[in-house]
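The block underneath contains the structure these notes are about, expressed in structure tokens.
Just so you know, ligand 1 is whichever comes first in the structure, and atom 1 is the first atom listed for that ligand.
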Amino acid sequence: MRTAYFLLFLAGIILSCSQKNHQKTNADQKIDSLIELMTLDEKIGQLIQENGGTGHDDKIKNGLVGSILNVPDTKTVNRLQHLAVDSSRLGIPILFARDVIHGFKTIFPIPLGMAATFNPELVKRSAEIASVEAASAGIRWTFSPMTDVCRDPRWGRIAEGFGEDPLVHACMGVAMVKGYQGSDLAKKGSIAACAKHFAAYGAAEGGRDYNTASVPENVLRDIYLPPFKACAEEGVASFMTAFNEINGIPASGNRFLLKQILQKEWNYDGVVVSDWESIPQMQTHGYTSNLKESAFEAFDAGLNMEMNSKAYAEHLPQLIEEGKIELKQLDEAVRRIVKLKYLLGLFDDPYTNPENYPALLSDEHKKIAGQLAVQSIVLLKNSNSILPLDNKTTKIAVVGPLADSPHDQMGTWVFDGNKYDVITPLMSLRECFGEKNVFYAPGMEISRTKTTVGFPDAIKAAKMADCILLFLGEESILSGESHCRADISLPGVQEELINEIAKVNKPVVAVIMAGRPLTFENIMDKLDAVLYAWHPGTMGGPAIADIITGRENPSGKLPVTFPRHVGQIPIYYNHKNTGKPASDETWERLDDIPAEASQLSIGNTSHYLDYGFEPWFPFGFGLSYTSFRYFEIGMGSKEIVLGDSVIISANLENSGKYPGTEVVQLYIRDIAGSRTRPVKELQAFERIHLMPGETRKVRFAIHTNQLGFYNQDMEYVTEPGDFKAWIGGNSNADLEVSFTIK
Ligand code: BGC
């Protein structure tokens, strides 16, 4: 009987595929007929996502499992899939899911590092590779991209997203969705993507994971939602709800987010999955009194599939019997899930055979991982052009806990990457400079080491070298989910190590690997050069060696503002002006205040007495071995009609000695709005490669619609009036032009 149903269904699908124009309608009809055949339990079964490869056989045979996460071995995937297809009544295949966040076997830089490339094309390529590698293992659904805008580097998951800017987030999120899903989900190697965590998860108070998010609706709509909207428009197959509550309502039962925004305003018809046990957690939040209420609140809000916990399995039957949830609501949720399986081609081809896929960790995959790592590295300082180093003549000391730490180099959220596949900086530098010219002594065992017993060896190595390379930062476990830090300085005795090494009196180059911006301004004067390498993944070693030796020129730019001190957080470039903005002249420095000074109310501005008002490094910042000169900013017309495009251009010259790539950035400010507007907002960016002496005119066209915001009536509007624009190499760009929208 079961086989007969399945064959009937399959025949229908094949027919529908041959009539491509009507594919959607036919698919929907097929899915409707399948839903008609399902019992209540089988329907609810489709909404259940189990974890791991064991203990589900009976449920699968009874059609009670829709999806399973975390089964990374092909044999088990195929065995369980056979159970579902051959032994369950309707033979509906299981959708296998996994967190493939920045690569599967080939590990790319953490997403924050990917964002630093400002290269969506390359980021898309990484997702294509991650997708092919994961699909070969039978994984057809990844919980990526994470498009949570974050303005707080204390939050451990800042590593998993694309930083603080909505535009960068949207571009990178969309690039990843394109890469994972390809042009057709059913194509071999495509997997379903998931925009997470909906929404405002990155706005956790104090940067402490899972914490309350209080975000006014206009900020939500202007800052936190646009990357999600962009992914929805790109056709992302699924959304994941967030752990946090937002303005008092947990995201997993949030009707405003799931019904009003996602369904009504964005017409989103893909799958909405909970986060890990986020449905029962609504009770812990204090929003529901028991599991049944949690099941109701989540389901009724529009959450289709439950990850791991059992609220739906245990309580949906009764909620339906009581009429609290209508059958048509249930059918709608089932339809979304079954449809995704259909679009993925799982009814046609439910099993996997890795032999039909390109090799994991192929040379091509590693090449892209290397390119991404190169482009993600940000040069923060290069006094006296100490970098690049000549590998023919220089003897180097390699010191620090992250010089040869393959596990940490992969970064957070890596389940399937293997540290034995990783090439570390030490390995690459030995190859580049020759074994005998590299003196290695880590100085510290791990980034948090508290003893200085390793220092004497490190100092000895330093004394033998012409230049000291210090590999510092954070181990991978210090960022990522629930791994937040209140103090984001260099952990352990790293500052002491810098101080001791500096006494050797040789040039010191620091390479920082970390999952977030770190604060170390206090010891910056001891470092001649600083490369910020994030956690660069499998090919981080060769990428760093290529940059150190000048085979590659750094081009990464900061996707997040670097504070001087943790107390400045939240600090981000697209802030509001306040009524009393600070300047260098008005900053009243702590040490300049005389004793018993009296309180004044005149001349006060918005700053900290001790740390001023500016960040350490602004958003978008990053140096190069060459220098770039911006000049002649110009506009087609300075009076633009609403509905037209604003055309702005500037000349960029490579005024230095090396070929190099610059990320040209366009910022715009709406001078006065019916709601105050940020002091600037990134509106476009482009990577431009120039040879020494070469000049290029860079031109941006921005539709006036892009310059809008949510007004007091919560309508998205671009208001006519005066604007300013800047083009430059970071958010402090000063090449300025003014224009008016009529
Ligand atoms: C995380 C999600 C992840 C899920 C499944 C949760 O703890 O918040 O981002 O996709 O686990 O592993």
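- Checking each of Asp73, Asp57, Thr74 against Arg79 for a side chain to side chain donor-acceptor pair (under 3.5 Å) leaves exactly one that passes, namely Asp57.
- Which parts of ligand 1 touch Phe143 is read off a 4.0 Å heavy-atom cut-off, strictly below it: atoms 10 (O).
- Annotation: Trp413 places no N or O atom under 3.5 Å from an N or O atom of ligand 1; distance criterion only.
- For Glu160, the heavy-atom gap to ligand 1 stays at 4.0 angstrom or more.
- At a heavy-atom cutoff of 4.0 Å, ligand 1 is contacted by the side chain of Leu69 but not by its backbone.
- Nearest protein heavy-atom contact of atom 11 (O) of ligand 1 is Asp275 OD1, 3.5 Å.
- You'll find the ring centres of His197 and Phe239 outside the 6.0 Å limit.
- Trp266 does not carry Lys259 over the face of its six-membered ring by the limits of under 6.0 Å from the centre and within 45° of the normal.
- Between His102 and Phe108, the ring center distance fails the sub-6.0 Å criterion.
- At least one N or O atom of Arg157, backbone or side chain, sits closer than 3.5 Å to an N or O atom of ligand 1.
- Asp99 OD2, 2.4 Å is the protein heavy atom nearest to atom 12 (O) of ligand 1.
- Taking any N or O of Glu481, backbone or side chain, at least one lies under 3.5 Å from an N or O belonging to ligand 1.
- Separation of the Phe299 and Tyr312 ring centroids falls under the 6.0 Å cut-off.
- For the pair Met307 and ligand 1, a heavy-atom separation below 4.0 Å is found.
- A cation-pi arrangement is absent between Arg140 and Phe96 under the rule of less than 6.0 angstrom and at most 45 degrees off the ring axis.
- Within ligand 1, counting atoms from 1 as listed, the ones closer than 4.0 Å to a heavy atom of Lys196 are 2 (C), 3 (C), 9 (O), 10 (O).
- A tilted orientation is assigned to the rings of Tyr342 and Phe347, their planes being inclined by 30° to 60°.
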